[in-house]
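Remember, it's a predicted structure, so these values are computed and weren't measured experimentally. Residue numbers start at 1 and run along the sequence shown.
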Amino acid sequence: MAANPSAHPIEASAVTTLEPKSGGAEYDIVLKPLSHPELDDICIEDELFAVGRNERPFDSYPPEIVADLSRRHARIFCEYGAVFIADLDSKNGTTVNGVDIQQKISRLNDGDEICFGRSLSWRVHLGRSGRTERGAPRVAALTLMPHDPAAGLQPLVISRFPFLVSKADDAFARYKEAFPHQVHYLSRRHAHIFLKGGTPFVEDLGSTNGTFVNERRLDEHAVALKDGDTLAFGGHHFVYQVVLQAPEVTLDPTVTRVGPAAAPAAAIARALPPEVAEKTTFVAAADSFLDIFCIDPSVPGEADAPDGEPPEAEAARADEGGPRRGRRATLLAEFRKAFHGESRSARGSNRRWWLAALAALLAVAFAAWWSGHEGRYLKQLMADGDYAQASQAAAEALAERPGDVGLQSLATEALLKAHLPQWLAAQKAGNFDEGSRVLARMSQQGAGNPELQPLLRELSWLGGLQAFAARRPQADAPLRIFSDEETIKSLLAWWDRDTAAHQRALARIAAHVPEFSGPYAAALSYLRGLQAENAVYLAAIERLKSGIANELARGRPEAVSGLLDEAAQKYPRIQGLDEIRRDLAQYLPLADALRERRLGALAAAAERARFATPPFQERMRQLAARELPPPDLMRDYAAVTAAWRRGEAQQALSALQAMQKSGPWRDGVAQDAARRQALLARYEAALKGRDARGQEERLLAFYGSADPLQDAWFIERLGAELAARREPVLRAAQQRIARAESLWSEYQVNGGIEQGQRIEPGVSTRFRSQAGLLSAAAEAQRQGLRVYRQLQADYPAQWNQLQRDIESELALQRRALIDARAGTLAPALVKTKLDMLGGGDER
């Protein structure tokens with residue numbers, strides 16, 4: 001018969017109530033109907049609110065209203081001072097502000113709109129009730145007594161709620177060796193027990209083999225548990241009788257599986273018969289609703305058994321070779337065989353080896369004595385508090401006997417007691433580098449101890465969590481995009497891979513070094529806050545990053561600004577958005593120049609661009625690989641630009657003319673050559689017209705089209721001429737700006753350029769007129785302001801805003817036309833309309 005697992009306390013995760021864990025007033029939650037205003041408001045007062053077509057108040061609604069609801073649709077609950085909604089894999093889904101959260105958890109904020117199914121929607125109103133404390137539920141403990149004493153189960157005492165029934169939890173996983181088939185009939189998320197108005201309820205979580213109360217299988221409803229009820233999970237093995245108790249037990253709700261719950265266990269044990277208390281599993285803390293309602297992915301090799309009656313446990317089978325013999329029995333048997341062989345000749349032969357066998361026996365006896373002596377020596381060092389000497393001696397002994405399990409345990413305990421206080425002191429002081437060095441020394445000294453290394457990995461992870469907490473002391477502190485979320489995801493992923501194993505390992509460290517318990521409990525309390533953060537803010541950050549990447553890939557960078565504005569409004573704790581905006585400001589002229597194949601503007605924008613955020617860095621790599629001009633062309637163009645900046649105009653133009661002969665970018669080269677030729681003509685006209693009338697206009701035309709960086713040589717040569725005519729040139733520039741204001745006002749009064757005018761199959765008179773107004777306004781404003789900036793003259797701030805408005809409208813109209821080129825309009829017609837708008841060759 002399989003032996004019962006040894007009794008030991010097991011703790012679950014943190015308690016969940018409607019008040020914030022860190023203090024403060026509790027939430028009042030009201031759902032106000034939107035899609036059906038005739039319905040009454042829903043006021044949520046319980047710790048857990050069930051949404052389903054057969055749940056109150058939904059079961060009283062007309063059938064056509066709740067047609068889209070599933071029986072187990074969603075749950076609303078409060079955790080860590082925040083309100084959450086969890087979709088329970090409903091058929092028609094759940095949305096929050098239009099975002100699908102099917103099989104997810106989402107945080108609710110005041111004013112959010114939630115929708116169940118396709119059209120059943122409410123507005124969420126959250127308020128603080130003003131009560132800083134709330135009376136705790138009266139039921140303090142619930143005992144599940146095994147219904148059949150012969151089933152080999154232990155009583156299960158639950159003193160905090162909610163409690164998750166799971167085959168992965170220690171409360172049931174501990175029976176895997178004794179009753180593997182029966183444990184297999186439990187689900188990873190089988191059921192949970194929670195309090196509602198001080199009464200314990202049990203709810204099945206969609207398990208394969210069901211949850212039964214008094215032999216009736218639960219459907220989608222939670223059922224209240226009464227004293228004496230029969231409660232079964234998965235069939236006929238895990239069957240318990242419910243016993244309700246109320247012992248005076250005080251627990252710290254922030255501690256999550258920190259170690260043995262000695263005081264609570266003892267208090268509850270006194271309420272039980274001695275023979276029962278001795279074999280009782282105590283669940284001293286609670287699971288989190290965030291954990292319970294998180295959709296748990298299937299684990300390979302751990303699928304639930306099929307629905308139906310579970311088979312009885314298989315009878316234990318004896319080994320085929322009979323009882324296993326120990327080393328001493330085996331050795332004695334060999335001696336008997338040596339002295340009493342089946343034949344006389346064999347007996348004579350074996351006797352020749354008896355001295356060797358006796359020597360081997362003596363060697364074994366000596367080794368056993370020495371091992372015991374060594375163990376006593378190590379234990380004495382530990383008793384004397386000489387942990388450093390004990391850890392050193394244990395390491396040396398392990399080098400000789402690496403497979404000695406008992407020695408490994410002693411070495412682990414000694415090394416932790418010798419060095420962990422140093423690690424704790426370094427962590428407390430915020431010297432995390434020193435903490436890492438302490439762990440490195442421990443790893444080096446315990447290199448031959450396979451039992452120690454997993455514990456050091458736990459400490460390394462915990463050190464990383466504490467270091468992160470030192471930078472963000474509060475779990476709800478601001479989050480820096482592209483930095484903090486990656487650290488949080490890494491910390492949570494490591495913990496979630498095997499939470500139970502991590503808890504056992506860290507509890508073992510706390511058992512060896514009690515002062516470790518406090519920092520461990522604080523760290524795990526902080527971890528719970530990060531888990532709540534992960535459900536809300538990290539999800540929002542991932543959506544934002546995905547949206548930015550998608551808009552850049554689609555050639556719609558202007559849409560990124562809207563995404564950033566929305567994120568800043570909905571999630572004010574996200575930091576780092578300004579860096580994205582700066583990258584966007586650099587990227588927009590580059591994208592425009594690339595789209596319009598303006599080689600000069602493209603080369604200038606690429607030269608100036610210094611992207612700091614990953615989406616724009618990645619997009620630049622993609623453009624360099626597929627869309628930007630080839631490196632040899634950019635190299636030749638750089639040589640042209642260098643010659644132009646030296647004033648070698650004819651040499652630069654000749655090189656550009658040669659570059660136009662072939663290649664996919666010959667049209668862009670032609671555009672740039674035309675711009676430089678026109679600028680050179682204006683420059684020469686200004687040089688020749690020094691004493692002629694209209695020189696101010698010639699200077700204005702030149703400076704209005706010159707680029708301060710690309711055309712610096714030519715600007716410098718006309719500097720004296722411009723200085724001599726400063727006042728007349730500024731008056732002419734002011735007149736240009738006044739003309740731009742007039743043209744822009746007329747363009748707006750006429751209603752701008754509408755969608756229908758852009759996509760018409762020809763060029764209408766209205767489009768031609770409006771495009772002319774917009775193009776002329778942009779050109780006049782651009783020329784006038786460029787002269788003022790060139791002469792470093794003061795001008796009204798509204799001129800800058802006027803230029804931004806005109807340029808923004810011009811860019812919008814050009815992008816809309818370019819998008820139309822991929823749709824219904826012929827490319828030639830689009831090019832004609834773009835030429836009318838202008839703005840593609842002077843920026």
- Does a donor on one side chain sit under 3.5 Å from an acceptor on the other, for Arg441 and Gln444? no
Looking only at non-hydrogen atoms, find the nearest pair between [X] and [Y] and report the distance.
{"X": "Pro478", "Y": "Arg472", "result": "O-NE, 3.1 Å"}
{"X": "Leu424", "Y": "Pro519", "result": "CD2-CG, 4.0 Å"}
{"X": "Ala395", "Y": "Gln445", "result": "CB-O, 3.9 Å"}
{"X": "Ala173", "Y": "Lys167", "result": "CB-O, 3.3 Å"}
{"X": "Pro200", "Y": "Ile193", "result": "CB-CG2, 4.5 Å"}
{"X": "Arg471", "Y": "Thr487", "result": "NH2-OG1, 4.4 Å"}

[X] (side chain) donor-acceptor with [Y] (main chain) under 3.5 angstrom:
{"X": "Glu485", "Y": "Ser483", "value": "yes"}
{"X": "Ser391", "Y": "Ala414", "value": "no"}
{"X": "Ser443", "Y": "Leu439", "value": "no"}
{"X": "His184", "Y": "His181", "value": "no"}
{"X": "Gln408", "Y": "Leu452", "value": "no"}

Measure the [atom1]-[atom2] distance between [X] and [Y] for me, rounded to the nearest 0.5 Å.
{"X": "Leu455", "Y": "Ser460", "atom1": "CG", "atom2": "OG", "value": "12.5 Å"}
{"X": "Lys428", "Y": "Gln466", "atom1": "NZ", "atom2": "CD", "value": "12.0 Å"}
{"X": "Arg188", "Y": "Leu164", "atom1": "CZ", "atom2": "CG", "value": "10.0 Å"}
{"X": "Ser166", "Y": "Ile292", "atom1": "OG", "atom2": "CD1", "value": "10.5 Å"}
{"X": "Arg189", "Y": "Phe293", "atom1": "CZ", "atom2": "CZ", "value": "8.0 Å"}
{"X": "Gln392", "Y": "Asp386", "atom1": "CD", "atom2": "CG", "value": "11.0 Å"}

Side-chain contact test, heavy atoms from C-beta onward, threshold under 4.5 Å: evaluate it for [X] versus [Y] and give yes or no.
{"X": "Val242", "Y": "Leu144", "answer": "yes"}
{"X": "Leu538", "Y": "Leu479", "answer": "yes"}
{"X": "Leu459", "Y": "Phe516", "answer": "yes"}
{"X": "Val165", "Y": "Thr211", "answer": "no"}
{"X": "Asp484", "Y": "Tyr537", "answer": "no"}
{"X": "Leu462", "Y": "His502", "answer": "no"}
{"X": "Pro155", "Y": "Pro146", "answer": "yes"}
{"X": "Thr412", "Y": "Asn449", "answer": "yes"}

- Query: What residues form a ring pair (Phe, Tyr, Trp, His ring centres under 6.0 Å) with Phe238, not counting sequence neighbours?
  - Reply: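 Checked Phe238 against ring pair (Phe, Tyr, Trp, His ring centres under 6.0 Å); matches are Phe172, Tyr175.
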- Message: Using the ring centroid of each side chain, check whether His237 and Phe179 are separated by less than 6.0 Å.
- Response: yes
- Task: Would you confirm whether the ring centroid of Phe84 sits within less than 6.0 angstrom of the ring centroid of Phe289?
- Result: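 No, the ring centres sit 6.0 Å or more apart.
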- Query: Which pairs, with at least one residue in residues 417-472 and sequence neighbours excluded, count as a ring-ring contact (aromatic ring centres under 6.0 Å, His included)?
  - Reply: Trp461-Trp494, Trp461-Trp495
- State plainly whether the residues Glu542 and Lys489 are in salt-bridge range, i.e. N to O under 4.0 Å.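 Yes, charged N to carboxylate O under 4.0 Å.
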- Look at Arg508 together with Glu458 and state whether they make a salt bridge at an N to O cut-off of under 4.0 Å. no
- Between Arg504 and Asp170, is a side-chain contact (heavy atoms from CB on, under 4.5 Å) present by the stated rule, with each step listed? CA-CA 10 Å; Arg504 288 192 297 268; Asp170 284 351; 2.9 Å; yes
- Sole residue of Ile488, Leu492, Ile105 in side chain to side chain contact (heavy atoms under 4.5 Å, CB included) with Gln531: Leu492
- Kindly indicate, with the supporting measurements, whether the criterion side-chain contact (heavy atoms from CB on, under 4.5 Å) is fulfilled by Phe163 and Leu156. CA-CA 11 Å; Phe163 171 66; Leu156 185 63; 4.1 Å; yes
- Answer yes or no: does atom NE2 of His512 have more than 12 heavy-atom neighbours from other residues, nucleotides or ligands under 6.0 Å?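 Enclosed.
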